[in-house]
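Scroll down for the structure; my scribbles are underneath it.
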Amino acid sequence: MKFHSLRGMQDIFQDDSKRWRALRSILQTVLDQYGIGEVQNPILENLNLFVRTVGDASDIVNKELYSFEDRNGEHIALRPEGTAGFIRSVIEKKIEHESQKAFYVGPMFRYERPQKGRFRQFHQLGVEYIGFPEGDADIEIISIISDLLEGLKISKKAVININHLGTNDVKQEYCRALKEFLLDYKDSLSEIDQKRLDSNPLRILDSKDESAKDILALSDLPQYQDFLANQHLDLLDSLIASFGSKNAIKINHKLVRGLDYYTGLVFEVVSNELGAQDSFIGGGRYDNLISELGGRPQSAIGFAVGLDRVLNLFEPVYSYKKKVIFINLTGSDRHHAYNIASKIREASKNIIVESILTDASLKSQLRKANKLGGDFALIIGDGEMTNKKFIWKDLNESSQEFVTLEEIIGKIHQL
RNA sequence: GCGGGCGUAGCUCAGUAGGUUAGAGCGCUGGAUUGUGGCUCCGGAGGUCGUGGGUUCGAAACCCAUCGUUCGCCCCA
């Protein structure tokens with residue numbers, strides 16, 4: 001009987017993990033600069049939380065949720081995104097009236113068919129601002145995104161699309177107008193788009209179907225911008241003015257988001273280097289969500305970064321620590337030699353002291369030292385232990401000398 | 001949930017008009033003067049040919065199913 005990892009779930013090993021840490025560290029640095037603190041919410045939540053927030057029309061809830069009944073008969077789901085759980089926790093703590101700037105990172109789960117940039121267990125970093133009405137916060141949110149792109153050095157690979165969905169009333173109104181218009185062309189629409197006409201007409205705006213594109217190009221198609229108030233259009237313009245010099249940012253009135261709870265500003269960052277799943281940051285304002293979940297009415301805006309996708313875009317730069325490979329050749333009481341290694345580690349946290357941990361031949365241990373990328377080898381045999389002088393070998397220079405522990409520590413401090 | 005490609009050693013891949021013990025390179029591992037790496041040389045380990053059925057005297061190869069993977073659709077970060 002053989003086990004393998006579940007479909008769409010990956011084991012992330014050493015070198016890949018290193019990439020992840022480098023990514024995390026860059027993102028963290030930017031978030032720290034904005035004074036955004038971390039929140040950790042559970043991965044499991046009540047099933048209905050997601051039905052209520054994400055929307056019962058969306059595929060995420062309809063067919064992509066990992067859900068089950070626990071031993072107590074409660075309906076549980078693995079989180080498909082992070083906003084719902086975070087908002088739930090804020091309301092539960094009764095702090096929704098206080099402003100919050102928070103981020104979270106972690107795995108999310110959707111039962112989808114895996115493909116490039118899409119896994120069943122994937123990772124998101126989310127940022128949520130609560131208690132900041134439309135205006136300054138919207139600008140700061142885009143500013144964070146701009147800084148993230150810059151920190152990752154991927155600004156040139158990315159396009160930020162922005163749109164405004166207006167108030168909930170405007171959203172509904174436009175939705176109705178669009179639906180009414182499209183009904184005349186229903187027969188020309190693809191099967192999928194015809195279904196969307198009922199479930200979520202706005203989604204047809206970014207349909208990839210050719211006939212839908214033709215219809216959407218018609219001059220009498222209701223235009224979102226015609227429904228929007230001037231102040232909303234002005235917000236979009238000011239975002240272009242603020243970030244246009246550093247980023248490719250453009251207004252796209254056909255941009256709608258899949259999650260029901262968005263109102264107001266919405267945005268999405270895409271890259272043409274990612275294949276079909278080209279969007280790696282997405283978010284927007286969701287001023288109605290908190291009250292819908294039973295909290296006091298409070299404005300909110302946030303976004304999520306698809307970390308698995310970002311990982312395909314950025315080139316990590318690793319910090320480098322010198323590495324000493326510890327080779328123990330002593331025959332008896334081998335632990336005495338390992339004490340030397342411990343003393344070196346105590347003397348400096350900026351150096352790696354890695355043990356080979358075998359009694360194989362010196363030749364094979366040195367080969368190993370080379371493969372491990374060691375800068376130095378510390379070789380200790382019985383004779384060295386007796387004399388308290390150890391072999392310190394510079395693997396790059398191919399030179400070596402006998403030195404005491406104190407001399408080794410002195411050398412390390414000079415590195 | 002739908003469609004296409006792929007699945008032979010840890011990795012990248014050879015191997016088919018079906019035919020004896022399935023190969024290469026890299027990697028791993030041991031050795032080439034006693035306790036000295038990288039280059040070189042010699043040796044070794046490692047594969048139920050994704051899995052399960054079927055066709056056949058005979059299947060890695062042909063057929064079916066299944067699982068996985070990959071690229072799209074859909075969905076979305």
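Values reported hereafter were calculated over all heavy atoms of this structure, with side chains retained and with hydrogens, waters and symmetry mates removed. Residue numbers start from 1 in every chain, and the chains themselves are labelled A, B, ... in the order their sequence lines are given, proteins ahead of strands.
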Between [N] atom [atom2] and [X] atom [atom1], what is the distance in whole Å?
X         : N       : atom1 : atom2 : answer
Asn328(A) : rU36(B) : CG    : C1'   : 16 Å
Phe326(A) : rG37(B) : CZ    : C1'   : 17 Å
Leu366(A) : rG37(B) : CG    : P     : 7 Å
Asn370(A) : rG37(B) : CG    : C1'   : 5 Å
Trp392(A) : rG37(B) : CH2   : P     : 19 Å
Lys195(A) : rC2(B)  : NZ    : P     : 12 Å

Please list all pairs meeting salt bridge (charged side-chain N to carboxylate O under 4.0 Å, His left out) that have one or both residues in residues 400-415 of chain A, counting only residues at least two apart or in different chains. Glu401(A)-Lys411(A)
What pairs meet the salt bridge (charged side-chain N to carboxylate O under 4.0 Å, His left out) rule with one or both residues in residues 30-42 of chain A, with sequence neighbours excluded? none
Sticking with atom [atom1], work out how far [N] lies from [M], rounded to a whole angstrom.
N       : M       : atom1 : value
rA9(B)  : rC49(B) : C1'   : 10 Å
rU21(B) : rG38(B) : P     : 39 Å
rC75(B) : rC71(B) : C1'   : 16 Å
rU48(B) : rU40(B) : P     : 31 Å
rU51(B) : rA59(B) : P     : 15 Å
rA14(B) : rG7(B)  : P     : 8 Å
rC63(B) : rU16(B) : P     : 16 Å
rU29(B) : rG46(B) : P     : 16 Å

Could you tell me which residues satisfy side chain to side chain contact (heavy atoms under 4.5 Å, CB included) with Ser271(A), sequence neighbours excluded, listed by chain and number? Lys157(A), Glu273(A), Leu274(A), Phe280(A), Leu313(A)
Ser332(A): what forms a side chain to side chain contact (heavy atoms under 4.5 Å, CB included) with it, not counting sequence neighbours? none
Taking RNA chain B as the partner, which of residues 400-409 of chain A come within under 4.0 angstrom of it by heavy atom? Gln400(A)
Contact list for RNA chain B against residues 143-152 of chain A - heavy-atom distance below 4.0 Å: none
What do the steps show when you test Arg19(A) against Asp16(A) for salt bridge (charged side-chain N to carboxylate O under 4.0 Å, His left out), and what is the final call? CA-CA 5 Å; Arg19(A) 276 181 74 80; Asp16(A) 290 330; 5.5 Å; no
Can you confirm whether Gln225(A) sits close enough to His164(A) that some side-chain heavy atom of one is under 4.5 Å from a side-chain heavy atom of the other? no
Here's one to test your reading of the geometry: is the NZ or CZ of Lys18(A) within 45 degrees of the ring axis of Tyr318(A) and under 6.0 Å from its centre? yes
With a cut-off of 3.5 Å and sequence neighbours excluded, list every side-chain donor-acceptor pair involving residues 171-181 of chain A.
from: Lys171(A); atom 1: NZ; to: Asp260(A); atom 2: O; distance (Å): 3.1
from: Lys171(A); atom 1: NZ; to: Tyr262(A); atom 2: O; distance (Å): 2.6
from: Tyr174(A); atom 1: OH; to: Pro222(A); atom 2: O; distance (Å): 2.9

For a side-chain contact (heavy atoms from CB on, under 4.5 Å) check, start with the C-alpha distance between Leu239(A) and Phe267(A), then their side-chain angles and the critical distance, and finish with the verdict. CA-CA 11 Å; Leu239(A) 290 171; Phe267(A) 48 86; over 6 Å; no
Taking Glu292(A)'s backbone N and O only, do any of them form a donor-acceptor pair with Arg52(A)'s side chain (distance below 3.5 Å, no angle check)? yes
His413(A) side chain to Ser348(A) main-chain N or O, any donor-acceptor pair under 3.5 Å? no
Heavy atoms only, 4.0 Å cut-off, all strands: where does Ile391(A) land among base, sugar-phosphate and nothing? base
What is the nucleic acid contact for Gln10(A), judged by heavy atoms within less than 4.0 Å: base, sugar-phosphate only, or nothing? nothing
For every nucleotide of nucleotides 68-77 of chain B, 5' to 3': is a protein heavy atom under 4.0 Å from its base (B), only from its sugar-phosphate (S), or from neither (-)? SB-SBBBBBB
Protein proximity profile, nucleotides 26-31 of chain B - base contact B, sugar-phosphate-only contact S, no contact -, cut-off 4.0 Å on heavy atoms: --SSSB
Report the residue from His232(A), His253(A), Glu268(A), Lys250(A) that forms a side chain to side chain donor-acceptor pair (under 3.5 Å) with Asn163(A). His253(A)
Just list the side-chain donor-acceptor pairs under 3.5 Å for residues 365-380 of chain A, sequence neighbours left out, or say none.
from: Gln365(A); atom 1: NE2; to: Thr358(A); atom 2: O; distance (Å): 3.4
from: Gln365(A); atom 1: NE2; to: Ala360(A); atom 2: O; distance (Å): 3.0
from: Asp375(A); atom 1: OD1; to: Tyr320(A); atom 2: OH; distance (Å): 3.1
from: Asp375(A); atom 1: OD1; to: Asn396(A); atom 2: ND2; distance (Å): 3.4
from: Asp375(A); atom 1: OD2; to: Tyr320(A); atom 2: OH; distance (Å): 2.9
from: Asp375(A); atom 1: OD2; to: Lys323(A); atom 2: N; distance (Å): 2.8

Please tabulate, for side-chain N and O atoms in residues 120-132 of chain A, each donor-acceptor pair with protein atoms closer than 3.5 Å (sequence neighbours left out).
from: Arg120(A); atom 1: NE; to: Glu112(A); atom 2: O; distance (Å): 2.7
from: Arg120(A); atom 1: NH2; to: Glu112(A); atom 2: O; distance (Å): 3.4
from: His123(A); atom 1: ND1; to: Asp308(A); atom 2: OD2; distance (Å): 3.3
from: Glu128(A); atom 1: OE1; to: Tyr286(A); atom 2: OH; distance (Å): 2.5
from: Glu128(A); atom 1: OE2; to: Thr83(A); atom 2: OG1; distance (Å): 2.7
from: Glu128(A); atom 1: OE2; to: Tyr104(A); atom 2: OH; distance (Å): 3.3
from: Tyr129(A); atom 1: OH; to: Glu140(A); atom 2: OE2; distance (Å): 2.6

Run the salt-bridge test on Glu210(A) and Lys213(A) with the 4.0 Å N-O cut-off and return the result as yes or no. yes
Using every non-hydrogen atom in the two residues, find where Ile249(A) and Ile142(A) come nearest and quote the distance to one decimal. CD1-CG2, 4.3 Å
Quick one: stems involving RNA chain B, counted as three or more successive Watson-Crick or G-U pairs, both distances short of 3.5 Å. B:1-7 with B:67-73, B:10-13 with B:23-26, B:28-32 with B:40-44, B:50-54 with B:62-66
Is the count of non-hydrogen atoms from other residues, nucleotides or ligands lying under 6.0 Å from Tyr338(A) atom OH greater than 12? yes
